[in-house]
Asks: 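Following this message is one structure expressed as structure tokens.
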Amino acid sequence: MSDVAALTGETIARDPRPPAVRGGANLPPSFDEASLARPAVAEVRDLVIASRDGSELVHGVSVSVRPGEALGIVGESGSGKTLTCRALLGILPPGLDVVSGSVTVDGIDLTDAGEPGWRRVRGNRIAAVFQDPASYLNPAMPVGAQLEETLRVTAGLPRRQARERARELLDDLGIRRVDLVLRQRVAHLSGGMLQRVLIAMALAADPAVLIADEATTALDVTVQAELLDLLRRLRLERDLALILVSHDLAVVAQVCERVQVFRDGRVVEAGATSRVLRAPGHPYTRELLSAHAEYGLERYLA
Ligand SMILES: Nc1ncnc2c1ncn2[C@@H]1O[C@H](COP(=O)(O)OP(=O)(O)OP(=O)(O)O)[C@@H](O)[C@H]1O
Ligand SMILES: [Mg+2]
């Protein structure tokens, strides 16, 4: 198999090292009381998002995440998960606005900060990866050049250091034969590999918060499991606050100690993942759970 052909499979992405932390049988890592006492690093409060024609899409949602914490956001399609995340990044789609509530990062209220205020925060303190990594990359350029460009712009590194840092980052993300990967274009890399490149870009400026919005959804289960392991490890090693958005409760159960269930632009249930999955209080959460019954979510719980 040629080097390039090898890269299109997932084998090269697999790190032979065991995941840094595994709380037994896939348990989410514990989040101790000292961690719970830390103030939120990113927060939306009573967030209302509406379109300019007046229709309200998100109706008073509150979400917060502390350093080192992994929060899961689940809910059906159209329930407001992505819009809430976009509000946390200060990038709502055109025509939509935050009409009330607040968005705070590092204790600073950014609700009315405007683009200059957001530019200091976005990418630097809070970064995100989404579904379909290929669409965020230029197909005509090697991915390495794009990662280096991000490192130069976001982290302000000179060219030579950016190159060195790109290698280090990919190595840290469990990619072997890093130099070969960096020379490839999008078409020659697998979805899992591209998502790792996007995660490396998101981590360029060492942010405090990483939002992963359906970032593993389109990948096959093995690759998805590898990326979830990677997110868990990054979170622990970097004290990264993680917001993991998924329609899949099993994904959230593997990574997050806390979960919020969205429905129709509202949070209908929130709490410790183990409590919500074991004793759901809202009929909609029970519905979501029953759809997962066949997968045996119990095995992810402490
Ligand atoms: N640019 C937009 N203009 C108008 N309405 C929008 C826009 N983007 C999203 N919406 C609407 O806002 C609501 C919430 O959308 P959002 O993308 O946050 O849902 P979601 O929970 O992320 O869904 P999915 O699981 O499909 O990603 C939906 O009704 C959607 O149709
Ligand atoms: Mg979405």
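Read the numbers this way: they start at 1 and go in the same order the structure lists the ligands and their atoms. Hydrogens, waters and symmetry mates play no part in the numbers below; they use all other heavy atoms, side chains included.
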Asks: Below 4.0 Å, non-hydrogen atoms only: which portion of Thr84 touches ligand 1? Side chain, backbone, both or neither.
Replies: neither
Asks: How about Thr217 and Gln131: does a side-chain donor come under 3.5 Å of a side-chain acceptor?
Replies: no
Asks: Between Asp106 and Arg120, does a salt bridge (charged side-chain N to carboxylate O under 4.0 Å, His left out) hold up when you go through it step by step?
Replies: CA-CA 12 Å; Asp106 290 329; Arg120 281 194 292 276; over 6 Å; no
Asks: Is the side chain of Gln224 donor-acceptor paired with the backbone N or O of Thr216 at a distance under 3.5 Å, no angle test?
Replies: yes
Asks: I'd like to check which ligand 1 atoms, numbered from 1 as shown, lie under 4.0 Å from a non-hydrogen atom of Ser79.
Replies: 19 (O), 20 (P), 21 (O)
Asks: Step through the shown structure and confirm whether more than 12 heavy atoms of other residues, nucleotides or ligands are within 6.0 Å of CZ on Arg45.
Replies: no
Asks: Do Leu147 and Val143 come close enough that some side-chain heavy atom pair is under 4.5 Å?
Replies: no
Asks: How about Thr82 and Asp213: does a side-chain donor come under 3.5 Å of a side-chain acceptor?
Replies: yes
Asks: Pick one of side chain, backbone, both or neither for how Ser77 approaches ligand 1, counting any non-hydrogen atom pair under 4.0 Å.
Replies: both
Asks: Write out the residue and atom name of the closest protein heavy atom to atom 18 (O) of ligand 1, then the distance separating them to 0.1 Å.
Replies: Leu83 N, 2.9 Å
Asks: I'd like to check whether Leu96 has a polar contact with ligand 1, where a contact means an N/O of the residue lying under 3.5 Å from an N/O of the ligand.
Replies: no
Asks: Side chains of Thr150 and Thr154: do they bring a donor and an acceptor to under 3.5 Å?
Replies: no
Asks: Is it true that the side chains of Asp248 and Ser246 contain a donor and an acceptor less than 3.5 Å apart?
Replies: no
Asks: So which heavy atom in the protein is nearest atom 30 (C) of ligand 1, and how far is it from that ligand atom?
Replies: Gly78 CA, 4.8 Å
Asks: Within the 4.0 Å heavy-atom shell around Glu76, which atoms of ligand 1 are there?
Replies: 21 (O)
Asks: Given Leu57, Val74, Asp53, Val58, which one has a non-hydrogen atom that is nearest to atom 11 (C) of ligand 1?
Replies: Leu57
Asks: Within a distance under 4.0 Å of any heavy atom of Pro93, pick out the atoms of ligand 1 and give their elements.
Replies: 1 (N)
Asks: Under 3.5 Å between any N/O of Gly75 and any N/O of ligand 1: does that happen in this structure?
Replies: no
Asks: Within a distance of under 4.0 Å, is there any protein heavy atom near atom 2 (C) of ligand 1?
Replies: yes
Asks: Run the numbers for me: atoms of ligand 1, each under 4.0 Å from some heavy atom of Thr82, listed by number.
Replies: 17 (O), 18 (O), 20 (P), 22 (O), 27 (O)
Asks: Heavy-atom distance from atom 26 (O) of ligand 1 to the protein below 4.0 Å?
Replies: yes
Asks: Within this structure, what is the CD1-NZ distance for the pair Ile211 and Lys81, rounded to the nearest 0.5 Å?
Replies: 14.0 Å
Asks: Between the side chain of Arg125 and the main-chain N/O of Ala42, is any donor-acceptor distance below 3.5 Å?
Replies: no
Asks: So does Gln131 have any N/O/S atom less than 2.8 Å away from the Mg ion (ligand 2)?
Replies: no
Asks: Heavy atoms only: which of Lys81, Glu56, His247 is nearest to atom 21 (O) of ligand 1?
Replies: Lys81
